[in-house]
Protein chains: 2
Amino acid sequence: MTARSSDGNRDIPEATVARLPVYLRALVALTDQGISVCSSEELATAAGVNSAKLRKDLSYLGSYGTRGVGYDVDYLRYQIAREIGGTQDWPVVIVGIGNLGHALANFSGFRSRGFRVVGLLDADPAMAEASVAGIPVRPFADLPAIAAEHGVAIGVIAVPAVAAQSVADAMVDAGISSILNFAPIVLNVPEGVDVRKVDLSIELQILAYHEQRKAVQAL
Amino acid sequence: MTARSSDGNRDIPEATVARLPVYLRALVALTDQGISVCSSEELATAAGVNSAKLRKDLSYLGSYGTRGVGYDVDYLRYQIAREIGGTQDWPVVIVGIGNLGHALANFSGFRSRGFRVVGLLDADPAMAEASVAGIPVRPFADLPAIAAEHGVAIGVIAVPAVAAQSVADAMVDAGISSILNFAPIVLNVPEGVDVRKVDLSIELQILAYHEQRKAVQAL
DNA sequence: AGGAGTTTGTGAACGTGAGAACAAAACGCT
DNA sequence: AGCGTTTTGTTCTCACGTTCACAAACTCCT
Ligand SMILES: NC(=O)c1ccc[n+]([C@@H]2O[C@H](COP(=O)([O-])OP(=O)(O)OC[C@H]3O[C@@H](n4cnc5c(N)ncnc54)[C@H](O)[C@@H]3O)[C@@H](O)[C@H]2O)c1
Ligand SMILES: NC(=O)c1ccc[n+]([C@@H]2O[C@H](COP(=O)([O-])OP(=O)(O)OC[C@H]3O[C@@H](n4cnc5c(N)ncnc54)[C@H](O)[C@@H]3O)[C@@H](O)[C@H]2O)c1
């Protein structure tokens, strides 16, 4: 296939992809403040990065600024949203409705960023009667049905570490190809499935390392 | 000052620091399986990395393996723990005991990795009567007292975005120099204070980006 | 219209990280 | 004791990411 749109299929560096959502959020904040045009310097400050890096990042998407002026906030916001898939609605399932799963189910940030929780699943039958945040909790066995019904591509794992691999396997079998994993374990998944992990302990340990160095340095 | 210990103050690359906790966890798992010696290949597989990378990472700490044999699991575990400050006890405070704060307070992974929750704080006076996970919730104004009493260096922010910056400021004033931030906002802190952020929305958006690419690619 | 002043987009230099490859070191077997 | 086998520690090379610096492009003012 040849290029469908003028610049639709270049690949964006991973580091840039990770920052685009930050820019998006900064742009939303600017809109809320009634600002309709901004320079790379202003946006970079709001996003907590260097302005050169910001401009380079944006240059991977295309040329959406105006020299001597800056960026149109709404226009740039739309372009970034389109690039990272924020203009469409992503159905999401959460597996494991314990302490963390409850918090996630109640998290408003899902909806506002284009993610819709279409299923809460738990292996505990006692759980599968309650409903959280207005969404009924269903037995884990319903995963394939729910995933198929809504065309779910993204799954969140919030079960204990020992159960995480088997949940991941079930998700893959159900056609889910992107997993966000909160369990402190390395998941094994087939080629083509993306996994990202959020690991609280690791974050704290990294902070502790630097904290320890500060203490040693100041001897 | 000259070097106090033979190799105590080289600086370890940031990417390596982020992986050391993963290795540590893998080593604990091996111990639990009764394995006392392992090769870099085995450990790398357990940690989900390349064995060359693992060996290079470990070489920054020192020479703790035996050629032709491998690594002594307990010994290596101790060395990594010492390096990242896991042999000492880090007092931690959590500010914002809402949905997420509750889950964090109940999280067992703190304790088991050398972190001790010494304070739960919330601005809501109604909150400041209950107790979560056996720890009483105290008014936010008590932060300086609690931080001073326990020598807290690490703080966790789990308040809404609008309140996060003011909480961070208060933490810095209270002598906290490492912050783990769950609020979706860029924090402004003075030099010398470390901030790490955990941002669920960003993780999902990164997954969505790749998901979208997969869909386009398979046109 | 033209020139001064801004701000973008990008090429080039620099720094950091990943992985292949191999010499050095330890072990076990004869 | 010596030789082959195993596995570490390290060197070298390449890829990726960051930052600088500046030409190109636009606006505004006279
Ligand atoms: N609580 C936190 O703040 C926190 C923070 C970081 C990471 N984590 C991790 O997140 C995970 C969940 O933590 P939690 O505190 O919510 O635990 P939890 O025990 O409160 O909840 C786990 C839930 O998963 C369900 N479950 C167990 N096995 C299952 C299976 N095979 N299929 C479906 N559901 C299953 C259980 O019924 C339970 O409701 C753990 O791996 C934990 O390490 C938690
Ligand atoms: N719930 C989730 O799963 C989730 C996931 C990712 C990120 N987050 C983020 O974490 C933060 C908390 O989320 P939540 O769902 O727990 O919200 P929440 O509204 O349930 O809880 C917030 C708590 O913070 C307290 N608070 C408000 N202002 C305060 C202040 N100035 N000082 C001290 N305490 C204060 C409130 O009294 C409340 O108890 C938010 O920024 C949210 O975006 C939440």
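The sequence lines fix the lettering, A, B, ..., with proteins before strands; numbering per chain opens at 1.
Counting any heavy atom pair closer than 4.0 Å across all strands shown, A/A15 reaches sugar-phosphate atoms only and no base atom. At a threshold of 4.0 angstrom between heavy atoms, the contacts of A/E41 with the nucleic acid are absent.
The only member of A/L43, A/L27, A/V37 that meets side chain to side chain contact (heavy atoms under 4.5 Å, CB included) when paired with A/V73 is A/L27.
Close to C/dT7, at under 4.0 Å from its OP1 or OP2, lies no side-chain N or O of A/Y64. Regarding contacts with the backbone of C/dT8, a side-chain N or O of A/S40 is found under 4.0 angstrom from either OP1 or OP2. For C/dT10, neither phosphate oxygen OP1 nor OP2 lies less than 4.0 angstrom from any side-chain nitrogen or oxygen of A/K56. Look at A/S63 and you'll find a side-chain N or O under 4.0 angstrom from OP1 or OP2 of C/dG9.
For the pair A/R196/A/N181, no side-chain contact is recorded, criterion being any heavy-atom separation below 4.5 Å from C-beta on. Side-chain contact between A/E211 and B/D194 is absent, with no heavy atoms from C-beta onward closer than 4.5 Å.
A straight line from OH of A/Y23 to P of C/dT8 spans 13 Å, rounded to a whole angstrom. Taking atom CZ on B/R19 and atom C1' on C/dT16, their separation rounds to 12 Å, with Å as the unit. The nearest whole Å value for the distance from the CZ atom in B/R55 to the P atom in C/dA20 is 11 Å. Between B/Y71 atom OH and C/dA25 atom P there is a gap of 16 Å when expressed in whole angstrom units. Between the C1' atom of C/dT10 and the CG atom of A/D57 lies a distance of 13 Å, rounded to the nearest Å. Between the CD atom of B/E14 and the C1' atom of C/dA18 there is a distance of 16 Å, rounded to whole Å. Atom-to-atom, CG of B/D11 to P of C/dG15 comes out at 15 Å; the value is rounded to the nearest Å.
A salt bridge links A/D199 and B/R25; the closest N-O separation between the charged side-chain nitrogens and carboxylate oxygens is under 4.0 Å.
Contacts of residues 190-198 of chain B with DNA chain D (heavy atom under 4.0 Å): none.
The nearest pair of heavy atoms linking A/Y64 to A/R82 is OH-NH2, 3.5 Å. The minimum heavy-atom distance linking B/D122 with B/I97 is given by the pair OD2-N, 2.7 Å. Closest non-hydrogen pair, B/P21 versus A/Q205, comes out as CB-OE1, 3.1 Å. Minimum interatomic distance between B/A44 and B/S51 (heavy atoms only, all atoms of both residues): CB-CA, 3.5 Å.
Here the nucleotide nearest the side chain of B/N50, chosen from C/dA20, C/dG11, C/dA18, is C/dA20.
If B/L58 and A/T16 are placed on DNA chain D by their nearest nucleotide, the residue sitting closer to the 5' end is B/L58. Between B/A52 and A/V69, it is B/A52 whose nearest contact on DNA chain D lies nearer the 5' terminus.
Side chain of A/W90 to backbone of A/G85: a donor-acceptor contact under 3.5 angstrom is found.
Boundaries of the chain A contact region on DNA chain D are D/dG17 to D/dT27, first to last in 5' to 3' order (nucleotide atom under 4.0 Å from a heavy atom).
To the nearest 0.5 Å, the span separating CD1 on B/I202 from CZ on A/R113 amounts to 8.5 Å.
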